[in-house]
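This report concerns only the one structure given below.
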Amino acid sequence: MALAPAITDIEQLKSHPALARVLGWNASVVQSAKFDRDELTLWIEKGSIREACAILRDDPACPFNYLCDLTAVDWYPSEPRFEVVYHLLSIPKKERVRLKARLDGSSPVIESVTSVWPAANHYEREVFDLFGVRFTGHPHLERIMMPDNWEGHPLRKDYPVEGYR
Amino acid sequence: MTQFPASAVAEPGQDRTLVLNMGPQHPSTHGVLRLILEIDGETIVRIMPEIGFLHTGIEKTCEAKFYQQVVPLTDRIDYLCPMTNNLAYCLAVEKLLGLEIPPKAQWMRVLMNELTRINSHLVWLGTHAMDLGAMTVFLYCFREREDILRFFEMVSGQRMMTSYFRIGGLALEPPLGFFEKVKSFADRFPGNVDEYEGLLTGNPIFLMRTKGVAYMSPEDAIALGATGPTLRGSGVDIDLRRDAPYTGYENFKFKVPVSTDGDVFARYVCRVQELRESIGIVQQALAGMPEGPTKADAPKVVLPDREKMKTQMEALIYHFKIITEGFTVPAGEVYQAVESPRGEMGYYVVSDGTAKPYRVHMRGPSYANLQVLAKMCEGRLIADVIAAIGSIDVVLGDIDR
């Protein structure tokens, strides 16, 4: 099974229900798309992430009604530094899509999706705790894994694996 | 970990309610889960779970290890189903590499994975019943679990932290006589399940503690991210083994138990039926086990056999290189989800083209299911919280990572 090259041309990927739905709603929010190893990734403009999630959730043809996972990746030292990653699943159609939003390293802030899926609550707290990404509109944005008085965000790449001694 | 915020309690009912701490060392919280209960008499007003007591930073540690060195770390996440963790991680890296796995390795993975599911469900059934006051079931369940742990020891040398699945196949060939022993276990196990059901399914005390308790509607279950038997107990028909087959599950016939009642008893029924379906899959895997190698033909990724290392120069070189420098993985990212005993377990692995993963994120099913607990218990009695915790089957190692 040799690896097929990734497809990054939006025109070729239009048939995927998630991309079709977002393009049909507002084509300007899709920054880029990539189909690699049977998985579709959409880069969404960070200001529209909550609306894009709501649009995908309420799609009548293929509702992406289940938030599987929400996490982040730190691309330190390059900018934009953070990528917040959303994995969505459509339970009726068994389709998956990955949404990503890029954030600057200086003030990583993005809108919370807890109003779309209450399930995002703990995931966003975890990303806040371990990466220091802030979610506006989150009902209870506090540390979840580390103690309250902890300094720093351990999953950032400039945080040493052994911790500060 | 967060402190319970003082302000959050100051609500209209403040003069009527009391804040009670449960855990982290409470025997029915299955580990170190701490629940802060706001109660009005015996009735739950609100629940705040507090987690993080077992946080060991496994995701951070993974970034400092070679790809093959991450496998033993994955055992320790959800310590009741080590093989499922191994499988999800190995499948993710194999997908990144584009590696083809030989059929025998795939069938062995299905076989061991289903034994792991039975093992995990037996621990759940025993402890859940014990929380509700039925002591005998626990002893019966651990009797059968012991057999399964012996199988794990036979193939991998370890009872719990097996690390048996490796990137590209299996660590070792199964030993002689292994399949016969599993076969004799699989033949008698349905009788054991009848035994457990005889103790619980019609038991009036058990029914009173579970029927109609901790109800969850399918809409709430999806919105709050419930997964696995917790979701199927609410009537949502999804099982990744059937809907997104991996490692050869498309070759097996099995039913997905779904119950629409949404209460503790519905989740119990789903899991007990899964025990029967799993043993059916084990029987099919034993009957159709193909012959052939158990490792992929990829010398740069898969460690060579010890015998070859002593006779062939290339094998020795590859062994040395894999151990000292690891192997590079083409840049990219994958999200591989498998159906663990608790639900969807997803591994999100990002590669930057080096020999160490750039980021490994585990989507734990217990982490997802824990969020449902608060909704389930609102307005119920304190004793029902114990039943509800048992019914969502959380493993704290999986939550805290």
Side-chain angles (χ1 to χ4, degrees), chain A residues 1-4 6 34 36-39 41 57 63 65-75 83 85 87 89 91-96 98 100 116-123 125-127 129-130 139-150 154-157 159-163, chain B residues 1-3 5 8 48-55 57 59-61 63-64 94-101 219-220 222-227 231 236-238 240 242-244 330 332-337 344 346 348 350 352 358-359 361-364 367-368 370-372 375 399-401:
Chain A
M1 178 169 73
L3 286 175
K34 187 176 172 187
D36 186 18
R37 298 169 169 101
D38 289 335
E39 294 177 19
T41 310
R57 183 195 61 181
N65 53 354
Y66 189 80
L67 177 72
C68 280
D69 189 21
L70 195 166
T71 185
V73 182
D74 180 8
W75 291 103
E83 271 183 340
V85 187
H87 287 102
L89 168 69
I91 290 182
K93 298 284 178 193
K94 325 293 182 204
E95 285 278 352
R96 281 180 191 276
R98 179 188 299 129
K100 283 186 166 192
V116 185
W117 293 285
N121 184 343
H122 278 192
Y123 295 112
R125 278 176 71 187
E126 188 185 347
V127 171
D129 187 356
L130 303 178
H140 186 68
L141 195 66
E142 288 188 26
R143 286 191 183 269
I144 188 165
M145 295 291 177
M146 311 302 285
D148 271 354
N149 55 358
W150 195 263
L155 278 181
R156 287 188 171 191
K157 286 282 175 183
Y159 189 99
V161 178
E162 314 83 44
Chain B
M1 276 186 276
T2 60
Q3 302 299 313
M48 300 247 326
E50 272 227 357
I51 57 174
F53 293 95
L54 284 181
H55 182 65
E59 291 181 10
K60 183 79 173 174
T61 315
E63 293 170 10
E94 283 157 8
K95 203 168 169 187
L96 273 171
L97 284 163
L99 205 59
E100 188 96 59
I101 306 304
E219 295 78 26
D220 283 347
I222 290 175
L224 284 165
T227 179
L231 189 55
V236 182
D237 187 7
I238 181 165
L240 299 174
R242 181 198 61 197
D243 299 330
E333 58 190 337
V334 293
Y335 177 80
Q336 175 67 45
E344 174 176 333
Y348 175 56
V350 182
D352 59 348
Y358 190 79
R359 169 111 174 86
H361 175 71
M362 299 92 181
R363 185 265 192 211
Y367 194 71
L370 184 67
Q371 293 200 70
V372 186
K375 178 77 188 166
I399 291 176
D400 294 343
R401 297 183 297 274

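Worth saying up front: this structure is predicted, and the values here are computed from it rather than measured. So that the names make sense, note that chain A is the first sequence line, chain B the second, and so on, each numbered from 1. We use all heavy atoms of the structure for the numbers below, so side chains are in, but hydrogens, waters and symmetry mates are not.
A side-chain hydrogen bond (donor to acceptor under 3.5 Å, both in side chains) with A:T71 is found for exactly one of B:R363, B:E59, B:R359, namely B:R359.
In terms of non-hydrogen atom pairs under 4.5 Å with chain B, the most contact-rich of A:N65, A:L67, A:L70 is A:N65. Interface summary for chain A: among B:Q371, B:K375, B:H361, B:H55, the most heavy-atom pairs under 4.5 angstrom belong to B:Q371. The most heavy-atom pairs under 4.5 Å with chain B, out of A:R37, A:K94, A:R57, A:H87, come from A:R37. Between chain A and the residues B:L96, B:T227, B:T61, the largest count of heavy-atom pairs under 4.5 Å involves B:L96.
Although no hydrogens or angles enter the test, the distance criterion places a donor-acceptor pair under 3.5 Å between the side chain of A:Y66 and the main chain of B:G225. Counting only distance, with no hydrogens or angles, the side chain of B:Y358 and the backbone of A:V73 share no donor-acceptor pair below 3.5 Å. B:K60 places a side-chain N or O within 3.5 Å of a backbone atom of A:R156 that can act as its donor or acceptor partner.
How far CD of B:E63 is from CG of A:D74: 8.5 Å, rounded to the nearest 0.5 Å. Note that CG of A:L89 is 7.5 Å distant from CG of B:L240, once rounded to the nearest 0.5 Å. With rounding to the nearest 0.5 angstrom, the CG atom of A:D69 is 10.0 Å from the OH atom of B:Y367. Taking CE from A:M145 and CD1 from B:I51, the interatomic distance works out to 4.5 Å, rounded to the nearest 0.5 Å. Here the CG-CZ distance, from A:L130 to B:R401, works out to 8.5 Å after rounding to the nearest 0.5 Å.
B:V350 places none of its side-chain heavy atoms less than 4.5 Å from the side chain of A:V85. Side chains of A:H122 and B:I399 form no contact here, defined as non-hydrogen atoms less than 4.5 Å apart.
Residue B:A244 does not touch chain A at all, counting heavy-atom pairs closer than 4.5 Å. Using a 4.5 Å cut-off between heavy atoms, B:V372 makes no contact with chain A at all. Neither the backbone nor the side chain of A:W150 comes within contact range of chain B; no heavy atom of the residue lies under 4.5 Å from a heavy atom of that chain. Proximity to chain B is absent for every atom of A:A6, based on heavy atoms less than 4.5 angstrom apart. Of the atoms belonging to B:D220, not a single heavy atom falls under 4.5 Å from chain A. Only the backbone of A:P160 comes within less than 4.5 Å of a heavy atom in chain B; its side chain stays farther off.
Residues B:A337 and A:R96 share a closest heavy-atom pair of CB-NH2, 3.6 Å. Looking at every heavy atom in both residues, A:D36 comes nearest to B:G332 through OD2-CA, 4.4 Å.
Ion pair B:E333/A:K34 not flagged as a salt bridge, since none of the NZ, NE, NH1 or NH2 atoms sits closer than 4.0 Å to an Asp/Glu carboxylate oxygen.
Counting non-hydrogen atoms of other residues, nucleotides and ligands closer than 6.0 Å to NZ of A:K100 gives a total above 12. Around the NZ atom of A:K93, the shell of radius 6.0 Å holds no more than 12 heavy atoms that belong to other residues, nucleotides or ligands.
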